[in-house]
J.: 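One structure, as structure tokens, below. Some questions next.
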Amino acid sequence: MANEQNDQLSAIRHSLAHLMAAAVIELYPGAKNTIGPAIENGFYTDFEMPEPISEEDLPKIEQKMRDILKTWSKFERREATVEEGREVFAWNPYKLEMLEELAKNGEAITIYTSGEFVDLCRGGHVDDAHSINPKSFKLTKVSGAYWRADQTKQQLQRIYGVAFETPDKLKEYLAMMEEAKVRDHRKLGQELDLFVFSDLIGPGLPLYTPRGTVLRRQLDNFVQEMRDEYDYQEVNIPHITKKDAYIASGHWKKFADELFRITTREGHEFAMKPMNCPHHTQIYAARSRSYKELPIRYRETTTCYRDEQSGELSGLSRVRAFTQDDAHVFCRISQVEEEALKIWDIIDRFYGAFGFELKVRFSTHDPANMESYSGGADKWESAEGQLLNIIKQKVGDSYIDGVGEAAFYGPKIDFMAKDAIGREHQVATIQLDFNQPEGFDLTCVNETGDRERILMIHAAVMGSIDRFLSVYIEHSAGKFPIWLAPEQVRIITLNQDEAIVKFASDVAAQAKKLGLRATVDDDNESVGKKIRNAEIMKVPYTVVIGQKEVESGELTPRVRKDIEVSAEHEPHTIDEFLKTVAHETKSRINKTSL
RNA sequence: GCCGCUUUAGCUCAGCUGGUUAGAGCAUCAGUUUUGUAAACUGAGGGUCGUCGGUUCGAAUCCGACAAGCGGCUCCA
């Protein structure tokens, strides 16, 4: 049932791709349409354009689409011979290329005609063009795209549209996009004073303000406290490394272009570390290890550097310096399952605490593309078998198949978090690595006194703190729970009376003693204005100190609207109030609604 | 890196087709006010209009290069 609906909707979307192609070709003589699939939420078509189009042209194209739609009724299918196809699409080299490919593979050549528009297409349209509601689609953006998704091939122009069954559903979707704009972490990062970028420092190099740094610290503490429960040991490594380490790990071969390289004055080649595994292997390999010591679990929160393509950079989601909450478990094959399950527990607890729903992707090698990976097919299959076994235990069959999504050194269990407005982001990862232990010759001495090859599990919970922050800021819309809030209590003075200001700063000092982040606002502004300022900064608790409070020693806290508390507007003694907040902070109580 | 778009004060934005000392709101600072739960009043300071070059009698405005940002593509250990 659900599938039939999906089929119908994607038929509408795909049909709209045809309609858009027809409109563009009519408006821009010389335009050549290429592929035009239905995608999530809509459709796109790639064109070779005689002149570049911009977003301002979209309404015009949209109008043309509606005009043409009136003249369409059916999508008529017919099979054609290769010769016939060559004639019909002689004007369009892209269609010709696809045509020759179909012919080569012995597949049927099908041509669809709707109105006056003729296209080479494998099908999947609505039966009747009138089942497309002219008010339930909208063209949204134009962008570049490569023919056949290949960077070395012709750059085309892609026009995206969104489409739904009804105008109401379209409106709903557009409203969601507006909400996404409000939650944009780059915007909130500035408004809430969390991080900045500087032209002087460079693109992709985020600078965290004191407030942003609190968030990072708190999130990291949360992960590391859980890891400590599982006997991880913290280690510490330098941020530059000799080239040799990356030759041994295999990274030099695959990622040489993305390394920030350094040549020393004596001519030795170093690189900024793009990941931490080689360093951690060398701590393990510093002496011989007995099987009795295993598993050995190292953890470290540390920054990595990658020279990402400039066009890839975006806010905190993709940066050139990012901090990983990294961990490596060195263990025997027989220990992999138990260790992976422990990591999985930490991941569940972490994401559960923020109300993220997790999906699991089993990221495996692509057998058709073995040159992208280290190690032989048999080892890959056995490693993947182990991971799959773990996945089945945890989630049965409800995982996504990620063929070709593996790291070059091993398969992964990737976790995708679904955020408050329904978007999915890749976050945590558990990776099984049988290649680097070989590259670095990692062994343990086993029961029979022989050296035995061990395995490595790479495990990042947040992945990169920066990326996690980008996801979490948008998920929470900046309304952080009390334990995370950069500023937890703002103490507002009613006026600038000396006794009141003194009292307020005493309360702040008391709060600080309890480990709280509290500030005093004794500006010469109205109380209303000061409340508003605290509200804008999304401070969880605001208290006003006036003569009344000074005399009674009681206060009535004002609580940020999304936080669910029972005794909000009741007076508390100051001591009681601060202790309650301190307790909430310590136990990471999360009472916000998303 | 590629395609398209954008760049005016700390922030958000005006500035029509090139024409005297570039504007507003918020923020900042100063003075007045001393305030009871989402914006007190008055005034002041702040911009070589992203950078460099070109066209022109004249450039924030037109053209080019570069930089940064945005939307995608490609990539992602």
J.: Rounded to the nearest angstrom, tell me the gap between atom CD in A/Gln154 and atom P in B/C73.
T.: 18 Å
J.: Of all the base pairs, Watson-Crick or G-U under 3.5 Å, which form stems of three or more consecutive pairs involving RNA chain B?
T.: B:1-7 with B:67-73, B:10-13 with B:23-26, B:28-32 with B:40-44, B:50-54 with B:62-66
J.: Roughly how many Å is it from CD in A/Gln309 to P in B/C75, rounded to a whole number?
T.: 9 Å
J.: Just to be sure I understand the rule, does A/Pro274 reach a base, reach only the sugar-phosphate, or reach nothing, if contact means heavy atoms closer than 4.0 Å?
T.: base
J.: Is the centre of the A/Tyr305 ring less than 6.0 Å from the centre of the A/Phe260 ring?
T.: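 A/Tyr305 vs A/Phe260: aromatic centres not under 6.0 Å.
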J.: In terms of the angle between their ring planes, are A/Trp380 and A/His365 parallel, tilted or perpendicular, with boundaries placed at 30° and 60°?
T.: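 Geometry flag for A/His365 against A/Trp380: tilted rings.
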J.: Does A/Arg306 make a side-chain donor-acceptor contact with the base of B/C75, cut-off 3.5 Å?
T.: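 Flag unset: no donor-acceptor pair detected.
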J.: Base, sugar-phosphate alone, or nothing: which one does A/Lys530 contact when heavy atoms must sit under 4.0 Å apart?
T.: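 No contact.
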J.: What N/O pairs connect the protein and nucleotides 24-28 of chain B at under 3.5 Å? Give each pair on its own line.
T.:
unit_1, atom_1, unit_2, atom_2, d
B/A27, OP1, A/Lys529, NZ, 2.9

J.: Below 3.5 Å between N/O atoms, which protein atoms pair up with nucleotides 3-5 of chain B? Just atom names and distances, please.
T.:
unit_1, atom_1, unit_2, atom_2, d
B/C3, O4', A/Gln155, OE1, 3.4
B/C3, O4', A/Gln155, NE2, 3.3
B/C3, O2, A/Gly144, N, 3.1

J.: Looking at every strand, decide which applies to A/Glu191 at a 4.0 Å heavy-atom threshold: base, sugar-phosphate, or nothing.
T.: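 A/Glu191: no heavy atom of the nucleic acid under 4.0 Å.
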J.: If the C1' atom of B/C73 is compared with that of B/C26, how far apart are they to the nearest Å?
T.: 38 Å
J.: Mind checking the C1' distance from B/G10 to B/G19? Whole angstroms is fine.
T.: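 Going atom to atom, C1' in each nucleotide, I get 31 Å.
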J.: Could you tell me which non-hydrogen atom of A/Lys32 sits nearest to which non-hydrogen atom of A/Pro93, and how far apart they are?
T.: CD-CD, 3.6 Å
J.: Within the 4.0 Å heavy-atom criterion, would you say A/Ala149 contacts the bases, only the backbone, or no part of the nucleic acid?
T.: sugar-phosphate
J.: Roughly how many Å apart are B/U33 and B/A39, using the P atom of each and rounding to a whole number?
T.: 23 Å
J.: Using the C1' atom on both, measure B/C49 against B/U8 and round to a whole Å.
T.: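 That atom pair is separated by 4 Å.
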J.: So what does A/Gly311 hit on the nucleic acid, given a heavy-atom distance under 4.0 Å: a base, only sugar-phosphate, or nothing?
T.: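 Here A/Gly311 touches the bases of the nucleic acid.
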J.: Between A/Tyr94 and A/Glu48, do the side chains contain a donor N or O and an acceptor N or O under 3.5 Å apart?
T.: yes
J.: Considering only the P atoms, how many Å lie between B/G23 and B/A30, rounded to the nearest integer?
T.: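 Taking atom P in both B/G23 and B/A30, they lie 25 Å apart.
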J.: Touch check for A/Lys181, heavy atoms < 4.0 angstrom, all strands: base, sugar-phosphate only, or nothing?
T.: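 Nothing, no heavy atom under 4.0 Å.
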J.: Students often get this wrong, so: under 4.0 angstrom with heavy atoms, is A/Glu549 touching a base, only sugar-phosphate, or nothing?
T.: base
J.: Rounding to the closest angstrom, what is the interatomic distance between B/U61 and B/G15 at atom C1'?
T.: 9 Å
J.: Taking the same atom, C1', in B/A24 and in B/A14, what whole-Å distance lies between them?
T.: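 One C1' to the other, the span is 7 Å.
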J.: For atom P, what is the distance between B/C41 and B/U34, given to the nearest Å?
T.: 15 Å
J.: If you take atom types as modelled and just measure distance, does the side chain of A/Arg318 reach the base of B/C76 with a donor-acceptor pair under 3.5 Å?
T.: yes
J.: A/His458 vs A/His328 aromatic rings, parallel, tilted or perpendicular, using cut-offs 30° and 60°?
T.: perpendicular
J.: Roughly how many Å is it from CG in A/Asn524 to P in B/C41, rounded to a whole number?
T.: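 Going from CG in A/Asn524 over to P in B/C41 covers 13 Å.
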